[in-house]
Amino acid sequence: MTRAGGRSPLAPRRTLPATVVDDTVAAAAILLDKWHPDEDSFGSSLFLDSTPDEVDAFLRAAKDLHRAMLFYASGAATAADALHAGGHGLIHAQELLDTAMRRLQRELQLLLTSLPAVLHFRQDDDDDDEQEDDQSLVDACAHLRVVAEAMMAAGYGKECVSIFKARRRAAVTANLQRLHGFSLSPQHAQVHKFSWEQVDAKIQSWLAGARVAFTSVFSAERELCDRVFVGDNEGVGDAVFGAIADDHATNILAVAEAAVGRSRRAPERLFRVLDVHDALTETILPAIVSAFGEKSEVTSRAATLVTTKVSEAVRSMVASFEAAIEKEPSKGTVPGGAVHPLTRYVMNYLSFLADYENALAHIYFYQQGVGAGGDQFTDTSSLASGSMASSSDLSSSSSSSPALSVWSNPIGWLVHVLLRKLDAKAGSYREPALSYLFLANNTHYVAKKVGGGTKLERVLGEEWAEAQRAKARGYVDVYVRAAWGSKVLRGGAVEEAVVQMVAMQEKWVAADDEMGEALRAAAKEAVVPMYRLFYRRQGAVARLTPGDVITMIDGLFGGRNAGAGDENVAAGGRRRPSQQQQQQQEVPVEIRNGKTRRQRVTITD
């Protein structure tokens, strides 16, 4: 009983915010019952199998539950609010929120499973018939983004990241293994046990697979992470992508490192290493910088592979090739002054090497710091842009410098080393004429391989090629003076000298038809006028007419009527027709069975 005049105690009143929070929690509980993660036995998906309105309602419920937790935990609730909730408002909201997050974890797994095995985000220039598939991928990315945002906002970011990393890492691993043969096993550790044929096959496989891995697989994974983790979660996306891709990328690069290491000091392997260089600089490294970032460890490792390991291997193999030319015995000549096998091998090698002119410019030109500064090549932004020196940089650097070196133009330097070796070989011939014939043939061959709009001409320059052609013509002139001048052009027993010189040069050869024609023309220009003068004076006793001499010279170096001139001399002693006469004569021509037949030829002066 109360005292007279006193007021009876009133029940504690609940506040309006508490009532709203209670109603929100109750509504969320009803929605969660429908999408409870433990009671859905059919594997249906909230995002894939329901309406957008229901998805929005569920996400709002999750946010409301999180706000309710904050309300109960903040102390804003009065004693009456706590009493009305049975003292368990915070616990109830936490339980419901945990249920919602477990549902979202399941949705995250279902959405990740629904992604295609190979991700392809349509570019502006892609075909329209791929738009439908791409749109479904875009929709899945949008669902993943809202799931990630909801879980992050509710404090379940760790669970979200763990599921995303595990699922996507497994997908990338399977993709690389299935399509390109890459795995996380230490493949590079086995390379040192392989034969070069196995290493070469490994590099070819690597070239195809690595390009696709970095330009397609990793770039698509980067795009996925960027679309799912946005805004305040962008840093989380970077970390997630690194956890998914870094190990794979490092392992792929390690295979190239080991293969390049096996290639050192073997010139025949140079082209495969340059293939690796081109793949890295033109495609892979720009893709790495785009996906992993300029300051990432993967980018740093790829840049080191280009600027250090591959480049050092290339320089080592070029040096070995130079040493191989230098070690060729100077006394090792070829019969008849022909083109030396060394000349053919080196020039064919350099013709292939000219295909890699930009790679050589990168390795020799920029790394030496010519015209661009010594640090330009090591700048990853420069590498990522694909900016490379060209053959014009090589040729301009070599032409502007009076001293040619391997650094100014490695191809030009190797040709220089070859020509120097050919000079030494020419000195091994006993006959001076044969020595100059050898130089004429080989210099002509070099000039022809460089000229005619070839890639070698683009590297060495048209002026250089013309200089070599002029040099070859000069050697032809010296050959004529050495072969014919000492005995024929100086008078004396002219007829006997002609016969002797033709006999001596019977087995001498020309580099090709063009050189043969030039040699015969130069010889006739020097010999025939002198012989005509001799014939006018002593034609009565001469056995050979000027026409005979022309025929004999035309038979040299693979020309027509080969051998006819000598048989004229061997057959005869007969006085030939006079200087002004022209007639058909029968001359003996030797055939393989040792017999002779007579053949009618036109003898003129």
Side-chain angles (χ1 to χ4, degrees), residues 325 328 330 332-354 395 398 404 409 411-485 501-502 504-527 553-560 562:
I325 299 173
E328 171 73 16
S330 297
T333 59
V334 289
V339 177
H340 199 284
L342 177 68
T343 307
R344 297 183 187 276
Y345 177 77
V346 171
M347 293 310 299
N348 287 330
Y349 187 94
L350 296 182
S351 295
F352 286 114
L353 193 58
S395 58
S398 62
L404 179 68
N409 189 330
I411 293 178
W413 174 252
L414 290 172
V415 176
H416 171 73
V417 173
L418 170 65
L419 294 176
R420 192 170 60 193
K421 175 58 65 175
L422 293 175
D423 285 339
K425 284 181 172 294
S428 299
Y429 287 100
R430 293 182 179 180
E431 287 288 343
L434 188 56
S435 173
Y436 287 109
L437 175 61
F438 172 80
L439 289 173
N441 278 329
N442 284 268
T443 306
H444 171 77
Y445 182 86
V446 170
K448 199 165 185 179
K449 292 292 286 188
V450 173
T454 62
K455 290 185 178 180
L456 272 177
E457 185 179 63
R458 192 168 67 219
V459 173
L460 298 174
E462 186 176 353
E463 292 181 1
W464 188 93
E466 178 55 39
Q468 297 307 307
R469 287 190 286 269
K471 194 174 177 181
R473 291 193 295 269
Y475 285 135
V476 170
D477 293 339
V478 178
Y479 145 76
V480 169
R481 291 195 297 270
W484 302 95
M501 294 311 300
V502 168
M504 182 179 71
Q505 298 179 62
E506 253 189 340
K507 295 185 179 180
W508 293 6
V509 297
D512 54 21
D513 291 342
E514 180 183 352
M515 175 54 70
E517 195 64 39
L519 290 167
R520 291 188 293 271
K524 287 186 288 187
E525 183 179 356
V527 175
I553 294 176
D554 280 342
L556 298 176
F557 307 112
R560 64 183 184 276

*Starting at CD of E525, measure out to CG of D477 and round the result to the nearest 0.5 Å.*
8.5 Å
*In plain terms, say whether E462 and R469 are close enough for a salt bridge, that is, a side-chain N and a carboxylate O under 4.0 Å apart.*
no
*Using a 4.5 Å cut-off on heavy atoms from C-beta on, say whether the side chain of L460 contacts that of I411.*
yes
*Does the side chain of V334 come within less than 4.5 Å of K425's, by heavy atoms?*
no
_Is it the case that the side chain of E517 and the backbone of D513 share a donor-acceptor pair, with hydrogens and angles ignored and the cut-off at 3.5 Å?_
no
*Any idea which heavy atoms bring V480 and A522 closest together, and the distance?*
CG2-CB, 3.6 Å
*At their closest point, which heavy atom of L437 faces which heavy atom of G336, and how far apart are they?*
CD2-O, 3.6 Å
*Given side-chain contact (heavy atoms from CB on, under 4.5 Å), test K421 with S330 step by step and report yes or no.*
CA-CA 7 Å; K421 175 58 65 175; S330 297; 3.3 Å; yes
*So which heavy atom on A518 is nearest to which on V476, and how close?*
O-CG1, 4.3 Å
*Check each of N348, N441, N442 against T343 using the side-chain hydrogen bond (donor to acceptor under 3.5 Å, both in side chains) test, and report the only one that passes.*
N442
_Does any part of the side chain of V450, heavy atoms only, come nearer than 4.5 Å to the side chain of L350, both counted from C-beta?_
no
_For residues 429-458, which residue pairs pass the ring pair (Phe, Tyr, Trp, His ring centres under 6.0 Å) check, not counting sequence neighbours?_
Y429-F438
*What are the two closest heavy atoms between E457 and G452, and how far apart are they?*
OE2-N, 3.7 Å
*Write down the atom of A465, the atom of A447, and the distance for their closest heavy-atom approach.*
O-CB, 4.1 Å
*Would R473 and E514 satisfy salt bridge (Lys or Arg N to Asp or Glu O under 4.0 Å), going step by step from the backbone distance to the final call?*
CA-CA 12 Å; R473 291 193 295 269; E514 180 183 352; over 6 Å; no
*For the pair K449 and V446, evaluate side-chain contact (heavy atoms from CB on, under 4.5 Å) and give the outcome as yes or no after the intermediate values.*
CA-CA 5 Å; K449 292 292 286 188; V446 170; 5.9 Å; no
*Hey, are the side chains of W484 and I553 touching, using non-hydrogen atoms and a 4.5 Å cut-off?*
yes
*Would you please test Q505 and Y479 for side chain to side chain donor-acceptor pair (under 3.5 Å) and show each step?*
CA-CA 12 Å; Q505 298 179 62; Y479 145 76; 2.3 Å; yes
*Side-chain donor or acceptor of S428 paired with backbone N/O of G332 under 3.5 Å*: no
_E466, CD atom: more than 12 neighbouring heavy atoms under 6.0 Å_ = yes
*What's the verdict on side-chain contact (heavy atoms from CB on, under 4.5 Å) for W508 and L556, showing C-alpha distance, side-chain angles and the deciding distance?*
CA-CA 8 Å; W508 293 6; L556 298 176; over 6 Å; no
*asked:* Please find the pair of heavy atoms, one from S435 and one from A426, that lie closest to each other, and give the distance.
replied: OG-O, 2.8 Å
*Assess whether side-chain contact (heavy atoms from CB on, under 4.5 Å) is satisfied between I325 and Y349, documenting all intermediate values.*
CA-CA 12 Å; I325 299 173; Y349 187 94; over 6 Å; no
*asked:* Less than 4.5 Å apart, side chain to side chain, heavy atoms only: is that true for K448 and M515?
replied: no
*Do K524 and D554 touch side chain to side chain, with heavy atoms closer than 4.5 Å?*
yes
